[in-house]
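These notes are about the structure you will find just below.
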Amino acid sequence: MSKIAYSNIPQHNDDDEDIVNSRDNDSLELSELNSLDYEEATIPNATQDTSTLDSESLAEIPAQLNKSNLKMAFMNMANSILGAGAIGTPFAMSNTGIVGGVFALILLTLLVDFTIRLIVINLKLSGKTGYQDTVDHCFGRVGKVIIIAAQALFAFGGSIGFCIIIGDTIPHILRSFFPDYQNNEFLKFLFARNTIIVFVTLTVSFPLSLSKDISKLAKASALALVSMLVIILIVLIKGPELSPEYKGVLNTKNTIVTPRIFQGISVISFALVCHHNTSFIFHSLKKPSLNRFSLLTHISCFVSMLALGFIGFGGFSVFKDKTKGNILNNFPGNDFVVNIARFCFGFNMLTTYPLEIFVLRDVLKDLYYINYDTPQELSKKSHIIFTTALVLITMTISLTTCNLGALFELIGASTASIMAYILPPMCNLKMTGSTKTLKEKLPYLGCIAFGFAVMFISSTQTIINAIHEKDGAHCSA
């Protein structure tokens, strides 16, 4: 079993110190990391006298009271996974083939579960509190720049995708209440895709994005998960009822594995990856231990795999070779029940978008202060300026395209591969590689090789296809 030096692990509570002090060689078994919890402030109950607490302990009380329990953390993690990527899973299955899709979904779920937990293990091994700080610890300034860039681009692309989805969903809902809107120039402008994106982003998503506390989004995340369940059920029920003109043809090659499987893997990777949120969700726990976080990760990944499987194979089985990057765009715009799904998905994006802006703002802050040796915080003014700029930029780009599939493929192939499959095992090997045998290193090396393969092969295929494919093919009907 691997050994690690204790000197790089932050000390925690008294029980942890007893474990440490019992070691003559000042080292720990890797499995004993599971029992180490970060130190928590003593939180008084309603009847407790707080006069004996020092000022530092009193200062930590509000932060502790805002911490998430496992249920709340599950809502945030599952919502991070089941965001925009879920709606593109049927398109992923059209690229992988049915057999390839089953294999890819299971494999990627296992890899994502493994590397999410590996990020937290790396945090404890390095004594750091953030993913990018761990990479900096392992690979220096170059490593930190790479992870910050990857996290920023992933969250940036995701934010653009969420704005695109708002434009694909909410206009249909509003138009259903005014069937004759095309005869009124003002209503045509008001219900136009770009008008809706601008209005909803600025009036709803932007205020939510200004929040500094990720735990406050837990209740909104819970509602978003319910809305995703509604979407899945509607796609599975309403899809088979459509007339043949909306349905495609299932070719023999689509039943096994297609040459585009890596493009499909990229979209599934985008759907599953939430590694950029990992450290935030971990530290939002009231008792952030590895055991509790592992349980949270297992449940979140398993539930997400089932949800992605249902909507992915259910949607593809109906639309086959006509499957679009946003499966809801395959349905007619005047279908009342499908418009309920569009409403739910649009609402989902209103809560997921702030999560991405939260991460994007944080990693850009680290890039802004990269020359500082100690962590820095944005002032209130800088916080507002950063958030406003990010919202405006992502919103503006979303006004120019509706090709959600290509966006997910590129993000999944590049940044998701770096964050999920390459850097976590590389960091772990950097810190513990000298204590591992070649056999023990193989899973880590395999994960890294897989990440590079997805990144280069899928990106090349996506760029070539995007050049020859019309953007309008993925827009709503």
Side-chain angles (χ1 to χ4, degrees), residues 1-12 16 19-38 106-147 150-151 265 269 272-276 278-279 282 288-298 301 416-456:
M1 194 173 289
S2 301
K3 296 271 191 176
I4 57 167
Y6 176 71
S7 58
N8 287 331
I9 304 175
Q11 293 193 7
H12 306 292
D16 300 337
I19 296 173
V20 174
N21 293 332
S22 66
R23 288 289 181 187
D24 294 334
N25 60 0
D26 199 34
S27 63
L28 288 175
E29 296 288 352
L30 184 58
S31 61
E32 289 177 357
L33 282 171
N34 290 325
S35 65
L36 301 186
D37 290 347
Y38 283 142
I106 294 174
L107 173 65
L108 295 179
T109 300
L110 293 175
L111 285 178
V112 165
D113 182 288
F114 166 64
T115 53
I116 286 176
R117 290 181 291 113
L118 201 56
I119 287 174
V120 176
I121 291 174
N122 292 342
L123 290 180
K124 292 199 170 189
L125 287 172
S126 63
K128 304 297 181 179
T129 58
Y131 184 9
Q132 54 264 41
D133 292 326
T134 302
V135 179
D136 181 26
H137 172 80
C138 294
F139 300 108
R141 187 62 53 84
V142 173
K144 187 171 184 177
V145 170
I146 291 174
I147 185 56
Q151 288 180 309
I265 286 174
S269 293
L272 285 172
V273 166
C274 66
H275 295 59
H276 55 314
T278 298
S279 61
F282 175 68
S289 68
L290 275 179
N291 278 335
R292 288 165 60 80
F293 187 76
S294 293
L295 176 62
L296 167 67
T297 304
H298 293 328
C301 287
S417 293
I418 293 173
M419 288 192 302
Y421 310 132
I422 298 174
L423 285 179
M426 284 184 69
C427 284
N428 192 268
L429 288 177
K430 179 72 173 181
M431 291 184 284
T432 67
S434 61
T435 66
K436 285 182 169 68
T437 64
L438 178 59
K439 184 178 180 180
E440 291 172 328
K441 292 179 181 179
L442 285 178
Y444 300 83
L445 295 174
C447 187
I448 295 169
F450 175 78
F452 277 111
V454 171
M455 182 167 61
F456 290 114

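For the pair Q151/V135, no side-chain contact is recorded, criterion being any heavy-atom separation below 4.5 Å from C-beta on. The shortest side-chain heavy-atom distance between F450 and I422 does not fall under the 4.5 Å cut-off. H298 is listed as a side-chain neighbour of D113, based on a closest heavy-atom distance under 4.5 Å. No side-chain heavy atom of I119 sits less than 4.5 Å from a side-chain heavy atom of F293.
Here T297 pairs with nothing under the side chain to side chain donor-acceptor pair (under 3.5 Å) rule; sequence neighbours left out. In this structure I106 satisfies the side chain to side chain contact (heavy atoms under 4.5 Å, CB included) test together with V102, L110, M305, sequence neighbours excluded. Taking the salt bridge (charged side-chain N to carboxylate O under 4.0 Å, His left out) definition, one finds that K430 meets it with nothing, sequence neighbours left out. Every residue was checked against the salt bridge (charged side-chain N to carboxylate O under 4.0 Å, His left out) condition with D136, not counting sequence neighbours, and none meets it. Take F456 and apply the side chain to side chain contact (heavy atoms under 4.5 Å, CB included) test, not counting sequence neighbours, and it matches F452. Residues that satisfy the side chain to side chain donor-acceptor pair (under 3.5 Å) test with Q132, not counting sequence neighbours, are D366.
Taking all atoms of both residues into account, the shortest heavy-atom contact from S269 to L108 is OG-CD1, 3.9 Å. Smallest separation of non-hydrogen atoms from F139 and M426: CZ-O, 3.7 Å. Listed here is the closest heavy atom pair of S289 and K124: CA-NZ, 4.1 Å. Summarising the geometry of A150 relative to I418, their closest heavy-atom pair is CB-CG2, 4.0 Å, with the distance given to 0.1 Å. Nearest approach of I116 to T278, heavy atoms of both residues: O-CG2, 3.8 Å. Nearest approach of Y131 to L123, heavy atoms of both residues: N-CD2, 3.9 Å.
Between the CG atom of L429 and the OG atom of S434 there is a distance of 10.5 Å, given to the nearest 0.5 Å. Atom SG of C427 sits about 8.0 Å away from atom CD1 of I147, to the nearest 0.5 Å. Taking OG of S417 as the reference point, atom CD1 of I448 lies at 12.5 Å (rounded to 0.5 Å). Here CG of L272 is found 10.0 Å from CG of L111. Values are rounded to the nearest 0.5 Å. Once rounded to the nearest 0.5 Å, the distance linking OG1 of T435 with NZ of K441 reads 8.5 Å.
A side-chain contact (heavy atoms from CB on, under 4.5 Å) with T432 is found for exactly one of N122, L125, I121, namely L125. A salt bridge (charged side-chain N to carboxylate O under 4.0 Å, His left out) with D133 holds for exactly one of K128, K144, R141; it is K144.
Remark: side-chain polar atoms of S294 are not paired, donor with acceptor, to backbone N or O of N291 under 3.5 angstrom. A donor-acceptor pair is defined here as one N or O able to donate and one able to accept, closer than 3.5 Å; no such pair exists between the side chain of S126 and the backbone of T134.
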